[in-house]
Number of protein chains: 2
Amino acid sequence: MHRPRRLKAPVTREKLIEAAGEIFAEKGLHGTSIRDITQRAGANVASVNYHFHDKFELYAQVLRRAHEGIVAAMSRPLTAKTPEGRFRELITAMLKSALDPSRPKWQTRVLGRELFQPTPVLDLMYDLVRPTAHRLSQTMGEMRPDLSFQQLTLAAAGVVARAVFHVYHGHLVQRMFPAAPEATPDELIEHVVEFSLAALRGLQAPPACGQNHRPRSCRATAKRRANAAHARRVR
Amino acid sequence: MHRPRRLKAPVTREKLIEAAGEIFAEKGLHGTSIRDITQRAGANVASVNYHFHDKFELYAQVLRRAHEGIVAAMSRPLTAKTPEGRFRELITAMLKSALDPSRPKWQTRVLGRELFQPTPVLDLMYDLVRPTAHRLSQTMGEMRPDLSFQQLTLAAAGVVARAVFHVYHGHLVQRMFPAAPEATPDELIEHVVEFSLAALRGLQAPPACGQNHRPRSCRATAKRRANAAHARRVR
DNA sequence: CGCGCTGTCAAACGCGCGTTTTAAACAACC
DNA sequence: GGTTGTTTAAAACGCGCGTTTGACAGCGCG
C-alpha cells in the first residue's frame, strides 16, 4: 500500500493483450480459449486471471486498446478550405487509418466483430464512428444546404457503408466480381469520393417548403438552412 | 431398404433446424450449445446427434435452409423495359427480400454472420450474392457503357454495400445519427435508387482510349463497349 | 405374437474450458 | 540478510460441453 513498487514487468500484460487481440480477431470471443492466448503470449494460464480478473475483462481491454489505436489514427483535424476538400480528407482518413498496415490488423477486426456480436463493450464502436459520421454529414450539408435532413443522413450513411463494407467485407467484393482487378486503396478512395460527389450533386432537393405538406422534414430542413446561412455569415 | 417407411415424424428435425437457426443467429456457432437448441425445440439432447451427425452438420443444414429461403425470395425475373427500371427492381428485390417479415429473421442473420466468421459453408453466401451482383453491374453497364469496367464494378459494389450494410448494421446507422428519423424500407429503397442513379449519371468516364496510357483498363473498356453495342444491335 | 426398424429419452462419459490454489522466484526496501 | 510485496509456474478443481450409450416405446409386417 506504501508506494507503487511495480518497476519490473507489466510486459506480460502487453504480450497478453497483443496475443489476445490477434486470436480474438480471428476466432471471436467464444471461439478463443485462455490457453490459446497464453500459449501464444508465452505465459502461464493463470496469468490472464492475475493481470485481468477474468477473460471478459481481458476482452474489454483488448477492445479498448483497439479503440485507442483507431481513434489516434483517425482524428486528425481537417485543413481543406472547400467542403469538397474536407469531404475528401474525411474519406481518406477513414480508409487510410483502417487499412494502415503499420497498425496491427486485429484492432480493426476485433472492433468490427462487435457489429455482429454486440457485447456490452459495443458502445466503444459507436463512439468511434459517431464523430466521423457527424463531420461527414455536416460537410455534405455544407455542399447541399437545400437537401432535407433525411436525405443527408441517408447519403452520409451510404458513404460510411461503402467504407466500412470494404474494410470488413472486401473479400466478398473480390468474390462477387472475380473478373475485376482488385482496387488499390488509392483507387478505392478516389472512387468513393467521386461516386459520392457525383451523387450529391445530382440528388434532387425535396419540393420547396412552406407549402401544405411534409411539415416535419421541412421544418428540419428550414432549420438546417438557417444554420448553414449562419455559418456562411460567420465565416 | 424395401420402402421408405418414414411416415411418422421428421417433425423433430424441423423443430431442431428452426430452433437452431434462431439461436445460431443470435449467439453464433461457438456461443450456442446443443442443450440450448434442444431445450428450445422441446427435444432431447441426443436428438441432434441422431438426426444430424454432429453440431456442425446441423449448422450446415441451418445455413442451407437459410440460403434456400433467401434465394426463393430474391430470384424473381426482371420485367422492366428500361435499365433504370431494372435497376430499381433489383434494389427493391434485394431489400424487400432481406427485410421481409414473413420470412424468419434468423435466415438473414445466420448467413450474414458468415461474413465475419467464415466457416467452410461460406461459399453459400457467395453463391447467394454473386448473381444479384452480376445482374446489377450489367444493368448499370447498360446505362453507362462509356464507364470503365473498374468504375462499374466499384459502383456496383457500393450499391451492394449500401444494401447489405443497412440490413446487417442498421442499428449502427441509428446510433450514428440519433437525430435522424428512422427511414422506412420504402424510403430507404427510394434513396438508394436515387442516390445511385445520381452518382451513375454524374460519374466521369475515363479519358478516351486508344491513347498511349492505361492500356489494361482501356482494353477492358473497349471490350465492354463492343459488347454493349452488340447487345443494342441484337435487341 | 415375435421381429425389425425408427425415433425418443435419461444417464453417463471424456474432455477442455475458465478459474483457483499453492508455492516458488524475484525485486525492492529495512 | 530478512522482510515484504509483486510476478510467475504447476497442478488441480468444478463445470458445461459435444457426444455416446443402452433401454424402451411405437409401428408395419410375417
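Not measured: the values here are computed from a predicted model. Chain identifiers are assigned alphabetically (A, B, ...) following the order of the sequence lines, protein sequences preceding nucleic acid strands; residue numbering begins at 1 within each chain.
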(Q) Using 0.5 Å steps for rounding, measure from the OG1 atom of B:Thr153 to the CD atom of A:Gln174. (A) 10.5 Å
Q. Can you tell me how far P of D:dT19 sits from CD1 of B:Ile34, to the nearest Å?
A. 5 Å
Q: Take atom CG of B:Leu16 and atom P of C:dC9, then tell me their distance rounded to the nearest Å.
A: 11 Å
Q) More 5' along DNA chain D: A:Ala46 or A:Tyr50, using each one's nearest nucleotide? A) A:Tyr50
Q: Would you tell me whether A:Glu26 and A:Trp106 have side-chain atoms, one donor and one acceptor, within less than 3.5 Å of each other?
A: no
Q: Write down the distance between NE2 (A:His51) and P (D:dA9), rounded to a whole number of angstrom.
A: 10 Å
(Q) Distance check needed: C:dT19 P versus A:Ile37 CD1, whole Å only. (A) 11 Å
Q) What is the distance, rounded to the nearest whole Å, between atom CD of A:Glu57 and atom C1' of C:dG18? A) 15 Å
**Q.** C:dG18 phosphate, OP1 or OP2, under 4.0 Å from A:His53 side-chain N/O
**A.** no
Q: Find the distance A:Gln39:CD to D:dA10:C1' and express it as a whole number of Å.
A: 16 Å
Q: Using only heavy-atom distances, decide whether a donor-acceptor pair under 3.5 angstrom links the side-chain of A:Arg35 to the base of C:dG16.
A: no
Q.
Would B:Glu190 and B:Arg88 count as a salt bridge (Lys or Arg N to Asp or Glu O under 4.0 Å) here? Give the steps.
A. CA-CA 9 Å; B:Glu190 189 62 25; B:Arg88 180 179 297 271; 3.1 Å; yes
Q) When the nearest nucleotide of DNA chain D is assigned to B:Phe56 and to A:Val45 on a heavy-atom basis, which residue is associated with the more 5' position? A) A:Val45
(Q) Please tell me if A:Ser33 has a side-chain N or O lying less than 4.0 Å from either OP1 or OP2 of C:dG16. (A) no
Q. What nucleic acid atoms does B:Thr38 come within less than 4.0 Å of, heavy atoms only: base, sugar-phosphate, or nothing?
A. nothing
Q) Between atom CG in A:Asn44 and atom P in C:dA25, what is the gap in whole Å? A) 15 Å
Q.
With a 4.0 Å limit, can you tell me whether B:Ser47 has a side-chain N or O closer than that to the phosphate oxygens OP1/OP2 of C:dG7?
A. no
**Q.** Stepwise side chain to side chain donor-acceptor pair (under 3.5 Å) test for A:Thr184 and A:Asp186
**A.** CA-CA 5 Å; A:Thr184 67; A:Asp186 286 340; 5.4 Å; no
Q: Find the distance B:His30:NE2 to D:dG18:C1' and express it as a whole number of Å.
A: 13 Å
Q: Output yes when a side-chain donor or acceptor of B:Tyr168 lies under 3.5 Å from a complementary backbone atom of B:Thr108, and no otherwise.
A: yes
Q | Phosphate OP1/OP2 of C:dG18 contacted by A:Asn49 side-chain N/O (<4.0 Å) | A | no
